[in-house]
K.L.:
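One structure follows; several queries about it will come next.
Keep in mind that what you see is a predicted model, and the values were worked out from it rather than measured. We name chains A, B, ... by the order of the sequence lines, and we start the count at 1 in each one. Side chains included, hydrogens not; waters and symmetry mates left out as well; all remaining heavy atoms used.
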Number of protein chains: 2
Amino acid sequence: MSDTLMTIREMCDAFEVTPRTLRFYEARELIFPQRRGQHRLYDRRDRARLTLILRGKRFGFSLEQIRQLLELYEPGGVNRTQIAATIEVGRDRLADMERQYAELSIAIDDLRRQIADAERRLVADTDEHPTG
Amino acid sequence: MSDTLMTIREMCDAFEVTPRTLRFYEARELIFPQRRGQHRLYDRRDRARLTLILRGKRFGFSLEQIRQLLELYEPGGVNRTQIAATIEVGRDRLADMERQYAELSIAIDDLRRQIADAERRLVADTDEHPTG
DNA sequence: CGTCTCGCTTACGTTCGCGTCAACCTGCTC
DNA sequence: GAGCAGGTTGACGCGAACGTAAGCGAGACG
């Protein structure tokens with residue numbers, strides 16, 4: 001079920017990361033698995049956090065930026081100023097992502113054109129050196 | 001004009017990079033400024049390349065990936081197999097970017113919702129502790 | 001009982017993308 | 001001709017995000 005506890009190996013297989021990575025994220029206080037004895041156990045919340053961490057990484061955010069962002073996703077009973085600060089961070093990241101989104105759109109169009117050009121050159125070259 | 005040669009300092013000011021960065025990119029064979037004596041001079045082509053380099057970096061591509069991509073933007077008279085290989089690289093990057101674009105869209109919506117939630121919590125808290 | 005597998009911690013090593021000297025050349029200008 | 005500004009080439013340093021190796025339990029198995 002969705003609230004199943006997972007071992008570190010199961011997490012690694014599920015998310016395609018190494019144990020080292022998970023322990024590293026824990027050391028940087030991005031995830032907080034429970035302990036059964038010495039062993040780590042990851043629950044639904046940890047998995048949700050890891051999903052966000054990996055996503056954030058793909059967009060080029062540092063682990064520290066991601067750590068701050070994660071507070072947004074936690075309904076923890078912090079105080080007003082903390083919530084406000086967290087919202088600030090969230091807005092900054094959002095602005096980053098929106099900029100990235102716009103620029104990415106342009107870059108994709110650009111790259112598509114370059115590929116098309118290169119393909120045309122390929123075809124032209126084929127015409128000049130026919131094989132059949 | 002657009003074909004003006006620029007010194008390293010002018011480039012740095014224009015693109016907000018350091019001299020070290022430009023020399024580093026040159027060492028990695030991403031740009032090839034001409035020399036007047038010992039000094040580097042950057043032309044329109046170098047600037048176009050630098051634009052693409054910085055853009056690629058913002059999307060999380062490595063300098064090596066960018067270097068390969070830059071060949072797409074050069075009409076250099078390479079041979080068929082080279083052009084084909086370059087197109088391959090371009091398509092791979094394009095696929096990366098398209099994936100990134102789709103995921104970014106989701107992440108932005110997600111983040112917007114979280115910020116809205118946090119704002120609601122802030123307002124709720126204000127209602128419970130009115131100042132006026 | 002030995003040994004295997006998992007996981008744990010500690011700690012040093014590595015890659016990327018530059019920053020930061022140090023030492024040198026070169027063309028003014030005073 | 002001394003100084004200075006601007007550029008050059010090494011070479012070493014550094015932070016981020018892990019990789020890797022060493023050595024230590026603790027439980028499972030035959």
Side-chain angles (χ1 to χ4, degrees), chain A residues 4-43 46-47 49-70 89 92-93 96 100 103 107, chain B residues 4-43 46-47 49-70 89 92-93 96 100:
Chain A
T4 311
L5 293 176
M6 289 170 66
T7 71
I8 199 169
R9 184 110 304 277
E10 290 167 343
M11 286 291 281
C12 292
D13 292 347
F15 288 90
E16 303 198 322
V17 294
T18 68
R20 178 71 180 93
T21 300
L22 292 181
R23 295 189 199 112
F24 184 77
Y25 290 166
E26 186 178 346
R28 293 304 183 83
E29 306 192 336
L30 292 168
I31 38 180
F32 312 96
Q34 339 167 4
R35 294 292 181 117
R36 179 165 56 196
Q38 277 289 64
H39 293 214
R40 292 167 172 83
L41 286 177
Y42 300 83
D43 61 14
D46 296 315
R47 292 193 284 276
R49 294 193 134 229
L50 185 53
T51 299
L52 288 169
I53 293 168
L54 297 178
R55 177 183 290 167
K57 283 203 51 185
R58 261 170 261 138
F59 301 140
F61 296 130
S62 73
L63 293 185
E64 175 54 24
Q65 287 178 321
I66 294 170
R67 194 189 61 72
Q68 292 176 21
L69 247 189
L70 281 172
V89 173
D92 286 356
R93 289 300 136 263
D96 285 349
Q100 213 173 135
E103 197 179 354
Chain B
T4 312
L5 294 176
M6 291 171 65
T7 72
I8 200 168
R9 184 108 307 277
E10 290 168 343
M11 286 292 282
C12 292
D13 292 347
F15 289 89
E16 303 198 321
V17 294
T18 68
R20 179 70 181 94
T21 299
L22 292 180
R23 294 189 199 112
F24 184 77
Y25 290 166
E26 187 179 345
R28 294 303 184 85
E29 307 193 335
L30 293 169
I31 38 180
F32 312 95
Q34 341 168 0
R35 295 294 181 115
R36 178 166 56 199
Q38 278 290 66
H39 295 211
R40 292 167 171 83
L41 287 177
Y42 300 83
D43 60 14
D46 296 316
R47 292 193 284 275
R49 294 194 134 229
L50 185 52
T51 299
L52 288 169
I53 294 168
L54 298 178
R55 175 182 292 165
K57 283 202 49 183
R58 261 171 262 138
F59 301 141
F61 295 131
S62 73
L63 293 185
E64 175 54 24
Q65 287 177 321
I66 294 169
R67 193 189 60 74
Q68 291 178 22
L69 248 188
L70 281 172
V89 172
D92 286 355
R93 289 299 136 264
D96 285 350
Q100 212 174 137

K.L.:
From CD of Q38(B) over to C1' of dG6(D), roughly how many Å is that when rounded to an integer?
P.N.:
13 Å
K.L.:
Rounded to the nearest Å, what distance is computed from the CZ atom of residue F24(A) to the P atom of nucleotide dT14(C)?
P.N.:
17 Å
K.L.:
When you measure from the side-chain N and O atoms of Y25(A) to the phosphate of dC18(D), is any distance below 4.0 Å, counting only OP1 and OP2?
P.N.:
yes
K.L.:
Write down the distance between CD (Q34(A)) and P (dG7(C)), rounded to a whole number of angstrom.
P.N.:
16 Å
K.L.:
Give the C-alpha distance, both sets of side-chain angles, the deciding distance and a yes or no for side chain to side chain contact (heavy atoms under 4.5 Å, CB included) between I53(A) and L70(A).
P.N.:
CA-CA 8 Å; I53(A) 293 168; L70(A) 281 172; 4.0 Å; yes
K.L.:
How many Å lie between CZ on R36(A) and C1' on dA26(D), as a whole number?
P.N.:
13 Å
K.L.:
Among dA17(D), dG17(C), dG7(C), find the nucleotide with the atom closest to the side chain of S62(A).
P.N.:
dA17(D)
K.L.:
Counting only side-chain nitrogens and oxygens, does R28(A) get under 4.0 Å of the OP1 or OP2 atom of dA17(D)?
P.N.:
yes
K.L.:
Starting at CD1 of I8(B) and ending at C1' of dC18(C), how long is that distance when rounded to a whole Å?
P.N.:
14 Å
K.L.:
Quick one: R40(A) CZ to dA26(D) P, roughly how many Å, whole number?
P.N.:
16 Å
K.L.:
Go through the steps to decide whether R58(B) and Q100(A) satisfy the test side chain to side chain contact (heavy atoms under 4.5 Å, CB included), and finish with yes or no.
P.N.:
CA-CA 8 Å; R58(B) 261 171 262 138; Q100(A) 213 173 135; 5.9 Å; no
K.L.:
Does a nitrogen or oxygen in the side chain of T21(B) sit under 4.0 Å from OP1 or OP2 of dG17(C)?
P.N.:
no
K.L.:
Are the side chain of R28(A) and the backbone N or O of L63(A) linked by a donor-acceptor pair below 3.5 Å?
P.N.:
no
K.L.:
Is there a side-chain polar atom (N or O) of R67(B) under 4.0 Å from OP1 or OP2 of dC16(C)?
P.N.:
no
K.L.:
Separation of K57(A) atom NZ from dA16(D) atom C1', in whole Å?
P.N.:
10 Å
K.L.:
Tell me whether the OP1 or OP2 atom of dC8(C) has a side-chain N or O from R23(A) closer than 4.0 Å.
P.N.:
yes
K.L.:
Starting at CG of L22(A) and ending at P of dG19(D), how long is that distance when rounded to a whole Å?
P.N.:
10 Å
K.L.:
Under 4.0 Å between a side-chain N or O of T7(A) and OP1 or OP2 of dC6(C)?
P.N.:
no
K.L.:
With sugar-phosphate meaning primed atoms plus P, OP1 and OP2, does R9(B) contact a base, only sugar-phosphate, or nothing at under 4.0 Å between heavy atoms?
P.N.:
sugar-phosphate
K.L.:
Does a side-chain N-to-carboxylate-O contact under 4.0 Å join D43(B) and R47(B)?
P.N.:
no
K.L.:
Would you indicate which nucleotide in dT9(C), dT20(D), dC18(C) comes nearest to any side-chain atom of R35(A)?
P.N.:
dT9(C)
K.L.:
Does the side chain to side chain contact (heavy atoms under 4.5 Å, CB included) test come out yes or no for F15(A) and L54(A), once each step is laid out?
P.N.:
CA-CA 9 Å; F15(A) 288 90; L54(A) 297 178; 3.9 Å; yes
K.L.:
So if I take every side-chain heavy atom of T18(A) and compare against dT8(D), dG19(D), dC18(D), which nucleotide ends up nearest?
P.N.:
dG19(D)
K.L.:
Map E10(B) and R20(B) onto DNA chain D by nearest heavy atom, then report which one ends up closer to the 5' terminus.
P.N.:
E10(B)
